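Source: prediction; values computed, not measured. For the single chain, residues carry numbers from 1 onward in sequence order.
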Amino acid sequence: MLRMTSLTVHEVLERDHFSHATVIAGKGGLSRKIKWVHVMEVTSVKQLLHGQELILSTGFVWKDNVKVFRSIVQQLIQSKAAGLCIEIGTYMDYIPSEIIELADQHQFPIIVFSKEVRFVDITQDIHSLLIAHHYQMISDLEKFSQELNNILLAPGCLYKILSYLAKKTDMQVIYNPKEAEPIFAPEVSKDKQETFLHFLTFQPDGKGLVVQHVQAMDYHFANLILVPDQHTSVSDYDMLLLDRSATAIAQFLLRELYIEEKKRALETEWLYDWLEGKHSEERILSYLVDFDESLIPRGLQVCTCKFTKQLDAYSSSQVTYFMLLMRSVFEQEGFFLLSLTTRHKLIIITLNRRDELTVMDRLRDAFERFMKSDILQKETVPDVEQIGVGKHVRLLKEMHKSYESSIETLAMNEKLFTQSSKIIYHADFHIYRMIYQLAKSKELNEFMHDYLEPVLHYDEKNNSNLLNTLRVYMCCNGSKKETAEQLFVVRQTLYHRLEKLEELLGSDFMNSPKRQAIEFAIHAYEYLKRNV
């Protein structure tokens, strides 16, 4: 079987223009690859080369100076040049022994022409050969890609892709997914499998192997690995085959995930009943086992997504890819996701797989990574306006409580804040949760006036802002020094204001629980003032 490789020094020596050429040094380096040919007659060459160039020279610049000759050869070796071809007879009669020893030591081929040759003919011939090799590589690569596309249409395509890659590279192929057992192509014995996996454990970056990530939707699904043997080198063509194979596998995985996501979308009726609290804990757990046998949730949270357009304005594929991206991020943080849609919004159920003590930190990390994804900036997925994250509930049958709190979160944020963040957490509202509920009746306004009316009346009558002094004083936990600094007033002015507050509210206004009631009333006043 033909394996595409780069042109080597040995192959060049078989060309007609080298019929009178002799390798006088560095015969161990005849397998060096050649990417281009240069004619060079200068003393400083290191900065002019990229590596793997075959150098042609008459030796004019070093003909009388072995020291300069040695320096040039050292530069060529350091630059990883493929070899040096020298015409003997015009300017040089022989190659010094110390140059031959240096080339042999580094397996750097030195080739001499015993007869006069035309360098222009050599460069034209080799460049034509390199271009032909490159064209053949592109042609073979295109055929390989077409065959991969055909394989993707057939059942069992994953192993067929691996087998095809192994056949084309003549190497052992290992597909090592993050959350499943590795696959070997061709198949090997259990002992060999364990040897390979043991090696990968100690060399996760694949030192001695060639590793290509299988990645899609910003998620690393698996590693695709080539294992060359002692007598096989990995060519540029092999690397391209590996890359194309990884891309094909990523397409296969995306297709499988897409089908799975569409299947989940068809099961929304059951999820709606769960959302309304119609299922028992046992029935919910039984249902979840069908998704994942290992899924034993430690509580859940519901997230309600609002988009810049109504949800039905987006195609089903856009919503599906949105969920694929979200799932790929959140699963890494220990969450299992389910979703259902309404006309206006997308509802996401995040089932916690790990320790409940870290659930909020992991959830915030997942959302932060998710919102930074480049894919969200494209039109392939819906544009997020806000996502309300409900409270964490331990019992699965109480999911409706988390859902209601996620809706409440979006409503509270609309009335209370104009946050730059698109992710709003119910847990961040604290006392405003109670204020929001009480504001639905007249009780909040009455409560606020019961405690603040004397101060509000005084401010209105005297065009003052004694209420702000009260707010800052309580925020500073009664520290007069800190309060005066924050208000930018002298102590004497603050003392006067505090005396007036004692007169209006009573001398016990800083004593609990009266102080707590006044603090609550201040928050209520700010809320009501925003929502007049």
Side-chain angles (χ1 to χ4, degrees), residues 1-6 8 10 28-33 52 80 107 137 140-141 144-145 147-148 151-152 154-257 292-295 328 331-332 334 353-354:
M1 181 191 67
L2 176 64
R3 293 180 65 249
M4 179 61 66
T5 61
S6 300
T8 65
H10 178 76
L30 296 182
S31 61
R32 286 177 179 245
K33 297 175 182 177
Q52 299 185 336
K80 298 184 184 313
Q107 296 185 336
M137 183 179 72
D140 289 354
L141 190 63
F144 181 80
S145 297
E147 183 59 29
L148 288 181
I151 292 174
L152 283 171
C157 61
L158 176 58
Y159 188 77
K160 291 179 180 178
I161 291 172
L162 301 178
S163 297
Y164 189 47
L165 176 62
K167 178 181 177 182
K168 293 292 288 185
T169 60
D170 197 23
M171 297 183 205
Q172 177 68 52
V173 173
I174 304 174
Y175 175 70
N176 193 21
K178 295 185 71 174
E179 299 177 0
E181 292 298 315
I183 302 174
F184 295 80
E187 294 182 359
V188 295
S189 66
K190 287 289 184 182
D191 290 342
K192 278 194 173 182
Q193 288 186 21
E194 290 177 2
T195 301
F196 283 130
L197 296 177
H198 182 74
F199 180 78
L200 286 172
T201 301
F202 291 98
Q203 300 285 357
D205 296 330
K207 292 180 180 178
L209 309 174
V210 184
V211 180
Q212 177 70 42
H213 291 173
V214 178
Q215 190 163 333
M217 303 290 286
D218 291 337
Y219 182 70
H220 177 198
F221 288 98
N223 285 334
L224 185 59
I225 303 166
L226 285 180
V227 185
D229 59 34
Q230 295 178 348
H231 308 291
T232 304
S233 61
V234 180
S235 67
D236 293 341
Y237 182 65
D238 293 327
M239 294 297 296
L240 291 171
L241 295 179
L242 181 65
D243 180 70
R244 296 294 175 91
S245 300
T247 301
I249 293 173
Q251 291 173 345
F252 161 72
L253 294 174
L254 275 179
R255 184 181 69 190
E256 292 296 299
L257 288 171
D292 187 336
E293 293 181 357
S294 65
L295 180 58
S328 69
E331 284 183 352
Q332 295 176 68
R353 285 178 177 267
R354 300 180 190 166

> Does T195 have any side chain to side chain donor-acceptor pair (under 3.5 Å) partners at least two apart in sequence or in another chain, and if so, which?
Replying inline: none
> Can you name the side chain to side chain donor-acceptor pair (under 3.5 Å) partners of D292, sequence neighbours left out?
Replying inline: S294, R353
Are the side chains of [X] and [Y] in touch, meaning some heavy atoms are under 4.5 Å apart?
X	Y	result
Q172	P186	yes
V173	I183	no
K168	Y237	yes
L242	V210	yes
S245	F144	yes
M171	V227	no
L224	L165	yes

Looking only at non-hydrogen atoms, find the nearest pair between [X] and [Y] and report the distance.
X	Y	result
Q212	D243	NE2-OD1, 3.7 Å
A166	A185	CB-O, 3.4 Å
L148	A248	CD1-CB, 4.0 Å
E331	R354	O-NH2, 4.2 Å
L152	R255	O-NH1, 2.7 Å
R244	S145	NH1-OG, 2.7 Å

>> As a quick check of understanding, evaluate side chain to side chain contact (heavy atoms under 4.5 Å, CB included) for H220 and V214, giving each step before the final call.
In response: CA-CA 6 Å; H220 177 198; V214 178; 5.7 Å; no
Can you tell me how far apart [atom1] ([X]) and [atom2] ([Y]) are? Round to the nearest 0.5 Å.
X	Y	atom1	atom2	result
L162	K167	CG	NZ	15.0 Å
L226	L241	CG	CG	8.5 Å
Q107	L30	CD	CG	9.5 Å
S163	I151	OG	CD1	8.5 Å
K80	K33	NZ	NZ	12.5 Å
F221	Q215	CZ	CD	9.0 Å

>> Once side-chain contact (heavy atoms from CB on, under 4.5 Å) is applied, do any residues pair with S31, and if so which ones, sequence neighbours excluded?
In response: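 Result, side-chain contact (heavy atoms from CB on, under 4.5 Å) vs S31: none returned.
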> Does the ring center of Y159 lie less than 6.0 Å from the ring center of Y175?
Replying inline: no
>> For a side chain to side chain contact (heavy atoms under 4.5 Å, CB included) check, start with the C-alpha distance between R32 and T8, then their side-chain angles and the critical distance, and finish with the verdict.
In response: CA-CA 5 Å; R32 286 177 179 245; T8 65; over 6 Å; no
